[in-house]
Q: 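Pasting in a structure now, in structure tokens, and then I'll have a few things to ask.
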Amino acid sequence: MSIFPLPEKLRMILWITVISAAIGAVYAEFDVARHGLQYFTWYGLPRGALTGALISSILSSLEVYALWTPFGSPLRSAPFPVHVAVKTLIYLIVIVFALSFSAWAFPAPREEGIEGGDVLFSLAASFVFVFMMSVNRLLGQNVLLSFVTGRYHKPRLEERVLLFIDMEGSTGLAEGLGPLDFHRLLNRFVTDLTDPIVAARGEIYSYVGDELIATWKLEDGIRQARCVTACFDAIDTLARKAPEYRREFGAAVHFRAGLHCGPLIVGEMGSIKAEIVFLGDTVNTAARIQDFCRQTGDRVLASADLIDRLQLPPGVNKRSLGDRRLRGKGADLALYALTKAPEADRAAETLLGARTPEHV
């Protein structure tokens, strides 16, 4: 174990860089052989390794520390053609820079700089990669990969964490705003909630009306209580952006949330419009937990099945509600209400300003 453990994101970037450097070195040797030159030249291996390391380290750093963060939200929410064009240009600039720098650092005999064919190949490679990644983003995290590999062609039984989020007061908002502005509000709502969920390694499973459903594989969701962290980070995000919502839509937005875990079936469904769907009692129970918030008046409810498996994040408290009978269920389920500790709330108010008492 390292004395100074690296942050998870930086560790991922370093692994990608090392692997890409190795791939670049191997590709450089194949390129040398293709031109009829001897293997293991003094410029081939290091040049290929440097090119691979530069491209991967710069692009992965941009993705992790910029494009995957709230800073990159405008690009992620841009129209698909604009998103693909801008990212392709970014990738092309980085690749051409890496090729040029490596050629300068380790020049080959009788080489006259970067050739036009290299630029065209880089442009094509950038476009194809960005296009595929963008399609994967539109379908949902890892959905395209799951279809391509056939992972869920035969249904699988998996243990997962589910987070159901439902906008409060959506009916009144829809009536007051009208259909077009309400759609814009819903899109803004789910977009703002997506960032904290993805930051906590969650996957957006589905949007159903004014509901958002997120999921984690069980071990990922309970590790460092990521599923709970995502939920309360989403609450903080809406609180921080409340002035923007009031200015644009006339009201701040809040939500109710239900958390649960358990076994469910994951598999492909459909032919003309195929999806990867989750089926089972765990899904139904998570939805019922979220709906039960209306009866208790709590913002976040979670099953004991989930909470007993993890250690809550600092600043989050649990309050036992005992065994409760959920709508449509034949057996009682132990529930907890989750809230921020008072000191955490005061710290948030100091940072964000006093929150208004209104509830939409």
Q: Would a distance-only check, ignoring hydrogens and angles, find a side-chain to backbone donor-acceptor pair under 3.5 Å from Thr215 to Val161?
A: yes
Q: In this structure, would Leu335 and Ile307 fall into the same cluster of hydrophobic residues linked by side-chain contacts under 4.5 Å?
A: no
Q: Working to the nearest 0.5 angstrom, can you tell me the gap between Thr51 OG1 and Phe97 CZ?
A: 10.5 Å
Q: What's the verdict on side chain to side chain contact (heavy atoms under 4.5 Å, CB included) for Leu212 and Phe189, showing C-alpha distance, side-chain angles and the deciding distance?
A: CA-CA 10 Å; Leu212 179 151; Phe189 175 71; 5.5 Å; no
Q: Per the ring pair (Phe, Tyr, Trp, His ring centres under 6.0 Å) rule, what does the pair list look like for residues 139-159, sequence neighbours excluded?
A: none
Q: Leu218 and side chain to side chain contact (heavy atoms under 4.5 Å, CB included): which partner among Arg160, Arg223, Arg309?
A: Arg309
Q: Of the non-hydrogen atoms in Arg156 and Arg151, which two are nearest, and what is the gap between them?
A: NE-O, 2.9 Å
Q: Out of curiosity, does Leu264 fall in the hydrophobic cluster containing Met269 (side-chain heavy atoms, cut-off under 4.5 Å, transitive links)?
A: yes
Q: Any ring pair (Phe, Tyr, Trp, His ring centres under 6.0 Å) pairs touching residues 154-175, not counting sequence neighbours?
A: none
Q: Hydrophobic clusters here meaning ILVMFWY residues chained together by side-chain heavy-atom distances under 4.5 Å, can you tell me if Leu162 and Leu279 are in one?
A: yes
Q: Start with the C-alpha distance between Cys231 and Phe255, add both sets of side-chain angles, then the distance that settles side chain to side chain contact (heavy atoms under 4.5 Å, CB included), and finish with yes or no.
A: CA-CA 10 Å; Cys231 184; Phe255 65 76; 4.2 Å; yes
Q: Taking only residues at least two apart or on different chains, which pairs with a member in residues 329-338 satisfy salt bridge (Lys or Arg N to Asp or Glu O under 4.0 Å)?
A: Asp281-Lys329, Arg325-Asp332
Q: Is there a donor-acceptor pair under 3.5 Å between the side chain of Arg184 and the backbone N or O of Phe249?
A: no
Q: Show, in sequence, the C-alpha distance, side-chain angles and deciding distance for His260 and Asp305, and conclude whether the side chain to side chain contact (heavy atoms under 4.5 Å, CB included) test is met.
A: CA-CA 7 Å; His260 185 46; Asp305 293 337; 3.5 Å; yes
Q: Tell me if a side-chain donor or acceptor on Ser102 pairs with a main-chain N or O of Leu99 at a distance below 3.5 Å.
A: no
Q: Which distance, rounded to the nearest 0.5 Å, do you find between the OG of Ser56 and the CD1 of Ile16?
A: 7.5 Å
Q: If I compare all heavy atoms of Gln290 with all of Gly258, which pair ends up nearest, and what's the gap?
A: CB-N, 3.6 Å
Q: Compare every heavy atom of Glu203 with every heavy atom of Ile197, then report the nearest pair and how far apart it is.
A: CG2-N, 4.5 Å
Q: Taking salt bridge (Lys or Arg N to Asp or Glu O under 4.0 Å) as the test, write out the residues that go with Asp192, two or more places apart.
A: Arg188, Lys241
Q: Could you pull out the closest heavy-atom pair between Leu186 and Gly209, with the gap in Å?
A: CD1-O, 4.0 Å
Q: Check step by step if side chain to side chain contact (heavy atoms under 4.5 Å, CB included) holds for Ser146 and Val266.
A: CA-CA 11 Å; Ser146 296; Val266 187; over 6 Å; no
Q: Salt bridge (charged side-chain N to carboxylate O under 4.0 Å, His left out) for Arg288 and Asp291? Distances and angles first, verdict last.
A: CA-CA 5 Å; Arg288 296 291 184 260; Asp291 187 62; over 6 Å; no
Q: Which heavy-atom pair separates Tyr245 from Ala252 by the least distance, and what is that distance?
A: CB-CA, 4.1 Å
Q: Is there a path from Leu59 to Val84 through hydrophobic residues (I, L, V, M, F, W, Y) whose side chains come within less than 4.5 Å of each other?
A: yes
Q: Are Ile289 and Leu163 connected into the same hydrophobic cluster when the rule is that any two of I, L, V, M, F, W, Y join if their side-chain heavy atoms are below 4.5 Å apart?
A: no
Q: Among residues two or more places apart or on two chains, list those pairs meeting ring pair (Phe, Tyr, Trp, His ring centres under 6.0 Å) that have a residue in residues 274-328.
A: Tyr205-Phe278
Q: Report the residue from Asp298, Asp166, Asp210 that forms a salt bridge (charged side-chain N to carboxylate O under 4.0 Å, His left out) with Arg256.
A: Asp166
Q: Check ring pair (Phe, Tyr, Trp, His ring centres under 6.0 Å) between Phe80 and all other residues, then give those that pass, not counting sequence neighbours.
A: Phe131
Q: Can you tell me how far apart CG (Leu333) and OG (Ser303) are? Round to the nearest 0.5 Å.
A: 6.0 Å
Q: Which heavy atom of Ala98 sits nearest to which heavy atom of Leu54, and what is that distance?
A: CB-CB, 3.8 Å
